[in-house]
Amino acid sequence: MSSPSFWLDSLGPIERRPPLDGDREADVAIAGGGYTGLWTAYYLAKAAPQTRIVVVDAEYCGFGASGRNGGWASGLFPVSEARLSRRFGPGAAAAMTRALEDTVDEVGRVTAAEGIDCDYAKGGVISLVRNPVQLRRARRDPGFVDAGEARARCAAEGVLGGVYSEHCAALHPAKLVRGLAETVERLGVTIHEGTRVEQIKTGQIKTGRGTLRAAHVVRALEGYTAGLAGHRRDLAPVYSLMIVTEPLPAEFWQRAGLARRETFTDERRLVIYGQRTADDRLAFGGRGAPYHFGSRVRPKYDLVPGVFEALRATLTDLFGIDPPIAYRWGGPLGIPRDWMPSVGLRDGIGWAGGYVGDGVAAANLAGRTLADLILGRDSDLTALPWVNHRSRRWEPEPARWLGINAGLRATALLDALDRRRAA
């Protein structure tokens with residue numbers, strides 16, 4: 001079946017909060033009820049309880065990537081530490097890496113402290129090596145492990161080794177976003193759903209249901225940023241799709257491993273990602289869906305049968321099973337032109353995003369950083385290299401459509417060449 005996601009459907013009916021009803025004033029107004037907006041609201045409310053904070057969302061909290069993602073709270077960053085080091089210096093690059101790795105534990109700490117049961121399990125991430133070409137690349141990684149250790153974590157077919165990091169936790173993303181929304185409301189934050197943002201400028205967020213005026217406003221729209229007036233070329237909305245199986249039997253898990261609910265991928269270039277859910281399903285996703293001309297985002301783009309079939313076939317290839325598929329879904333994520341996520345505050349307007357699919361933990365770090373920036377606090381977080389970074393805008397169409405889709409096809413072709421060389 002199709003749905004906004006298995007994660008959201010598993011929680012039952014959505015009870016929407018009332019929309020904004022006319023103009024209103026606040027101290028901080030936040031556009032977007034996903035992880036970034038809610039974590040920002042959370043840390044602001046904890047640090048400055050008197051602050052009047054209002055969050056608005058076009059649909060409901062978690063409707064976008066925060067309720068549809070693969071459930072990896074990881075220390076991954078789409079820009080390598082080596083590249084960060086060349087641009088910002090080795091100290092800044094190392095600080096960025098440490099901050100993200102520590103954030104994995106911060107997500108676990110807060111969810112435990114606030115009673116948010118989101119099936120958090122820090123088992124790390126294993127990237128499987130499954131052909132000799134991948135093996136040559138992977139051996140250079142400091143996290144490389146031999147075939148025996150890799151198979152002990154995830155006993156997929158044809159494993160020759162792996163790259164392991166402890167800095168990743170599997171979780172239920174919709175439980176996290178829904179729990180965050182309930183938590184910030186308990187802290188005094190107001191949330192209006194069904195309230196589409198039309199324009200953001202200094203001192204105000206204009207919506208179809210009234211204008212929010214505030215000393216600080218925050219743009220936290222991620223894959224939906226391109227639909228905002230004046231932001232068409234800031235972030236490209238590129239789709240990632242997922243499937244989830246029915247619960248799989250104990251004998252499968254005895255063979256496949258993932259005993260600590262390690263998240264898993266492999267060393268191909270076209271991204272795939274999976275986890276063992278708390279109720280013993282395989283949740284598995286990947287890229288490959290096309291970018292749509294003009295940065296359009298439409299519900300029908302969530303469903304690409306060819307990609308779903310490729311994901312199912314990949315699970316068969318990995319685990320030697322023909323798994324019963326219970327759900328299929330997708331959604332857009334935000335990609336900046338240089339693949340560099342950013343968080344910042346200028347002229348009273350805050351922003352964060354461009355996570356390139358690695359936003360579950362990064363959004364927490366962004367929320368803490370935005371809270372410090374808004375409160376005027378100098379901290380280790382506000383000194384990180386992604387703070388106030390500005391990516392070059394994407395090219396106008398049709399160059400954007402041609403370039404992004406050519407890149408997707410080239411990535412798939414390189415993976416095919418690797419497999420051919422290994423044959």
Side-chain angles (χ1 to χ4, degrees), residues 7 32 34-43 62 64-81 84 93-114 116 118-127 143 164-180 183 220 222-223 240 260-265 271 273-275 283 285 333-336 339-343 351-372 379-382 384-387 389:
W7 310 116
Y35 293 147
T36 300
L38 294 174
W39 280 124
T40 302
Y42 175 80
Y43 287 105
S66 298
R68 307 187 193 200
N69 64 81
W72 288 30
S74 79
L76 297 172
F77 197 63
V79 178
S80 70
E81 187 170 343
L84 287 173
M96 189 78 230
T97 298
R98 286 195 304 272
L100 280 165
E101 291 174 351
D102 292 345
T103 296
V104 178
D105 294 324
E106 172 68 3
V107 171
R109 183 195 69 79
V110 174
T111 54
E114 299 293 350
I116 300 172
C118 61
D119 302 337
Y120 179 98
K122 190 183 178 187
V125 55
I126 181 71
S127 181
Y164 177 74
S165 169
E166 65 178 320
H167 302 295
C168 189
L171 53 76
H172 187 303
K175 285 184 178 180
L176 173 57
V177 72
R178 185 172 290 188
L180 273 176
T183 298
E222 190 54 0
S240 194
R260 298 177 58 227
R261 291 188 56 215
E262 292 92 338
T263 57
F264 65 93
T265 180
V271 174
Y273 49 91
Q275 68 147 292
L333 51 92
I335 298 185
W339 286 54
M340 175 76 175
S342 67
V343 55
W351 75 89
Y355 304 122
V356 196
D358 289 320
V360 178
N364 172 281
L365 180 60
R368 285 183 283 146
T369 304
L370 277 169
D372 282 353
S379 67
D380 291 342
L381 300 185
T382 62
L384 291 172
W386 70 336
V387 174
H389 171 76

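The figures here come from the full heavy-atom set of this structure, side chains too, leaving out hydrogens, waters and symmetry mates. The structure displayed is predicted, hence computed values, not measured ones.
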Shortest non-hydrogen contact between [X] and [Y], atoms and distance:
| X | Y | value |
| --- | --- | --- |
| S240 | L333 | CB-CD2, 3.7 Å |
| G34 | S66 | CA-OG, 3.4 Å |
| G359 | Y35 | O-CD1, 4.4 Å |
| G75 | V104 | N-CG2, 3.6 Å |
| H172 | W7 | CE1-O, 3.2 Å |
| G64 | R68 | O-CG, 3.2 Å |

Looking at [atom1] of [X] and [atom2] of [Y], how far apart are the two atoms once the value is rounded to the nearest 0.5 Å?
| X | Y | atom1 | atom2 | answer |
| --- | --- | --- | --- | --- |
| I126 | E166 | CD1 | CD | 13.0 Å |
| L384 | S342 | CG | OG | 12.5 Å |
| L38 | Y42 | CG | OH | 12.5 Å |

Listed partners of [X] passing side-chain hydrogen bond (donor to acceptor under 3.5 Å, both in side chains), at least two apart:
| X | result |
| --- | --- |
| T36 | Y355 |
| S74 | none |
| R109 | E106 |
| T382 | none |

Applying ring-ring contact (aromatic ring centres under 6.0 Å, His included), name anything that partners Y43, two or more places apart in sequence or on another chain.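 Counting only residues at least two positions away or on another chain, Y43 forms a ring-ring contact (aromatic ring centres under 6.0 Å, His included) with W39.
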
Pairing residues for E262 by the salt bridge (Lys or Arg N to Asp or Glu O under 4.0 Å) criterion, not counting sequence neighbours: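 With neighbours one apart ignored, the set is R153.
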
Once salt bridge (Lys or Arg N to Asp or Glu O under 4.0 Å) is applied, do any residues pair with D358, and if so which ones, sequence neighbours excluded?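 Applying salt bridge (Lys or Arg N to Asp or Glu O under 4.0 Å) to D358 gives none.
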
Applying side chain to side chain contact (heavy atoms under 4.5 Å, CB included), can you list everything that pairs with [X], at least two apart in sequence or on another chain?
| X | value |
| --- | --- |
| V343 | A352, A366, T369, L370, W386, V387 |
| D105 | Y120, K122 |
| E81 | A93, A94, T97 |
| T263 | W72, V125, C168, A170, Q275 |

Which of these passes side chain to side chain contact (heavy atoms under 4.5 Å, CB included) with L171: I116, D119, T111, V107?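 When I116, D119, T111, V107 are each tested with L171, the side chain to side chain contact (heavy atoms under 4.5 Å, CB included) holds only for V107.
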
Around atom CG of D102, are there more than 12 heavy atoms of other residues, nucleotides or ligands at under 6.0 Å?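 It does: D102 CG has more than 12 such atoms within range.
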
I'd like to know if the side chain of E222 and the backbone of G354 have a donor-acceptor N/O pair within less than 3.5 Å.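 The answer is yes, because a donor-acceptor pair under 3.5 Å joins these two groups.
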
Is any side-chain heavy atom of L381 closer than 4.5 Å to one of L365?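 SC-SC contact between L365 and L381 confirmed.
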
Less than 3.5 Å apart, any donor N or O on the side chain of T103 or R368 sitting next to an acceptor on the other?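 Per modelled atom types, T103 and R368 side chains form a pair under 3.5 Å.
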
